[in-house]
Amino acid sequence: MSSDQRSIRAAVEARLAKRYRAEKRFQFYGLAAIFVAVAFLALLLGSIVLQSFGAFTAHRLTLPVTVERELADPRGDMSEASLRRGAYNTMIQNALLEQFPSVEDRGARRELFGLYSAVNAARLLNDVVASPALVGQTVSFSLPISDDADLYLKGDTVAETRTPGAAPLEIRSAEDGVRFGAGSDVFAGFAATVREAAQARIDAALARAQAAEAEAAGTIDRDAREILLAEAERARALADRLAERADGEGGLALGPQIPSLFIVANGGVARISEIGADVSSARGEWVIAPDSDASAVTDWTLWVLETPSAARLITDRQVVWTRALAERGLVENGFNRELFVNADSREPELAGVLGALIGSILTMVVTMLLAVPVGVGAAIYLEEFAPRNRFTDFVEVNINNLAAVPSIVFGLLGLAVFINAFGMPRSAPVVGGMVLALMTLPTVIISSRAALKAVPPSIREAALGVGASKTQAVFQHVLPLAAPGILTGSIIGLAQALGETAPLLMIGMVAFIADPPTLGLSGFTEPATVMPVQIFLWSSGAERAFEARTAAAILILLFVMIVFNAVAIYLRRRFERRW
């Protein structure tokens, strides 16, 4: 082999090696892009799934409710009108009071009845109206417990500890409640923790006061200096109050800013309001009355709610009653059926997605009936029959531009035309479907034209060659072969419309809808909302329980969209032809 041949061979091998390296880099970049995309998708879905766990289960309270005749039938004639005027919420309240007969004052009763929503009484009313024979009987009535109690039982909002009593405890009734005494410093650990936390707050308040004073000293603006000095004075006053509370002569006074302490003894639960200076005595009140009047007990428990009452929505007494109901077997955790059978509600434990799901179905029906026939027809005309001239080019360019218009613009169009000009009902599936149909129409037209264009010209020519007319060639030969692509594009366009929110906000579908629309012709004009808007509303809810329900609603919406896409894939493979 000559030197020239060797040099040429070396150059070729170098270029091949360089090309192979480039191919490997390209494969690496592709795999890295896929890995990053899958990682972000897994992170997104994982966070949603983790957040939604709490929404698919809920605690239910089951009470033996006596349907008293005087309360259920105020007229005494057992007519439906009389039964519907009954005081069913009072029956549920009476059943709850039977569990805690020591609850007497109005404030405590208000807290006790806050463990459930009074809306549940409507279901008891319906049961009695449907079966009047229940009057005078005691029925087992199950209802969702309040969202705050549900979150507490799930351990999401309150941190708590229970420790057995370290020494015999003496219990003595007094005019200002109940007093406890022990032979050793059984409350020393709790008092030290509280004082440590109080000292941290005192230090923070003093630091804030010093910072404000230092900033005031360097400020020449008189008003600003007075504001800073006032802030420093408030911080020092707070520090003094905390120090006085922590080191008072009467002992340690417990308040809403520090953990709550309970003593569980003799079957009762007492809330401690003050710990003596010797940290071996305490004063409090019974939240649940004890079973006996024993003055000395050896088996008792120190129960600490580490989350201060000021930092949670459930009160101390509601925590005690909720825990007692759970220990008595009256509260059980199970599948949250209300999430799927109820419409929206101000009470998170009663809120469901049924209304939004029916609204989405009705809206999608209107969108499909308008967008698919009109879009496919327009695509057939433009692709197969329309002459090639400037007007056709103008229409095609504008269809492509409409596909890129922000969806909120279609909402404004629907608001101006359908509601303001034509006077159609607001917040109705028929208007929402028409607006989404306008938004989906360009997508259907473009995808349908692409599917028609993908059919080989030989199909048309063969049909025309055997004597078929242009219309017969298109509708009997070209259109069936293009159907998989048309169906795929249409379903993907409808799935995109299902997830749209902005245009529906403009036409009022953000309204609070407590009753689901009728799943029939009349439902198209009834007030309704859709799944994306429901998610938007819940995401801004003040109650913490709406966080889990928002994630659950997102999962349900994703499931519906996955079903849409699965149908598209099935239809494409079912009717797909290969040439």
Side-chain angles (χ1 to χ4, degrees), residues 102 152 155 157-206 238-312 314-324 327:
S102 61
Y152 161 68
T157 55
V158 182
E160 59 183 346
T161 59
R162 286 181 178 236
T163 55
L169 189 70
E170 181 182 353
I171 305 175
R172 178 167 54 86
S173 298
E175 295 181 356
D176 54 354
V178 59
R179 293 184 177 275
F180 301 91
S184 61
D185 51 352
V186 293
F187 304 112
F190 177 80
T193 303
V194 170
R195 287 197 170 97
E196 184 178 351
Q199 188 59 48
R201 294 187 61 198
I202 292 171
D203 295 341
L206 292 176
L238 175 62
D240 293 340
R241 288 198 301 273
L242 292 173
E244 182 180 359
R245 181 178 299 173
D247 300 327
E249 295 181 355
L252 180 64
L254 307 186
Q257 301 294 338
I258 56 180
S260 301
L261 178 65
F262 300 92
I263 289 179
V264 183
N266 281 341
V269 180
R271 181 175 60 177
I272 303 302
S273 57
E274 182 180 340
I275 297 177
D278 55 357
V279 293
S280 63
S281 61
R283 180 173 62 86
E285 61 174 354
W286 290 111
V287 179
I288 297 178
D291 297 334
S292 67
D293 296 331
S295 59
V297 294
T298 56
D299 184 14
W300 59 283
T301 303
L302 206 60
W303 181 11
V304 179
L305 299 184
E306 298 176 359
T307 305
S309 59
R312 48 183 158 86
I314 188 169
T315 66
D316 287 345
R317 289 190 284 204
Q318 286 178 329
V319 168
V320 173
W321 293 325
T322 302
R323 182 59 68 187
E327 292 175 351

Backbone of E170 reached by a side-chain donor or acceptor of S295 within 3.5 Å: no

Residues R179 and A174: closest non-hydrogen pair is NE-CB, 4.1 Å

My understanding is that only one of T315, T307, D316 makes a side-chain hydrogen bond (donor to acceptor under 3.5 Å, both in side chains) with S260; could you say which? D316

Please test F180 against I272 for side-chain contact (heavy atoms from CB on, under 4.5 Å), starting from the C-alpha separation and ending with a verdict. CA-CA 9 Å; F180 301 91; I272 303 302; 3.8 Å; yes

Would Y152 and Q318 count as a side-chain contact (heavy atoms from CB on, under 4.5 Å) if you check the C-alpha gap in whole Å, the side-chain angles of each, and the deciding distance to 0.1 Å? CA-CA 10 Å; Y152 161 68; Q318 286 178 329; over 6 Å; no

So do the side chains of L305 and F262 get within less than 4.5 Å of each other, counting heavy atoms only? yes

Report the distance from atom CZ of R201 to atom CZ of R241, rounding to the nearest 0.5 Å. 9.5 Å

How far does CH2 of W303 sit from OG1 of T161, to the nearest 0.5 angstrom? 10.5 Å

I need the minimum non-hydrogen distance between F190 and P259, along with the two atoms involved. CZ-O, 3.5 Å

Partner of V264 under side-chain contact (heavy atoms from CB on, under 4.5 Å), chosen from L302, T301, V320, D299: T301

Is there a side-chain contact between I171 and I263 (heavy atoms, below 4.5 Å)? no

Does CD belonging to E327 count more than 12 external heavy atoms closer than 6.0 Å? yes

Give the minimum heavy-atom separation between V178 and A270, together with the two atoms involved. CG1-CB, 4.4 Å

Search all heavy atoms of A310 against all heavy atoms of Q257 and return the closest pair with its distance. CB-NE2, 3.9 Å

Shortest non-hydrogen pair, S184 vs S280, comes out as O-CB, 3.0 Å

Mark yes or no for whether W300, through its side chain, and A167, through its backbone, hold a donor-acceptor pair below 3.5 Å. yes

Do I275 and L261 pass the side-chain contact (heavy atoms from CB on, under 4.5 Å) test, and can you show the C-alpha distance, the side-chain angles, and the key distance before you say yes or no? CA-CA 10 Å; I275 297 177; L261 178 65; 3.9 Å; yes

Over all heavy atoms of both residues, which pair between P308 and P256 is shortest? Give the atoms and the distance, please. CB-O, 3.3 Å

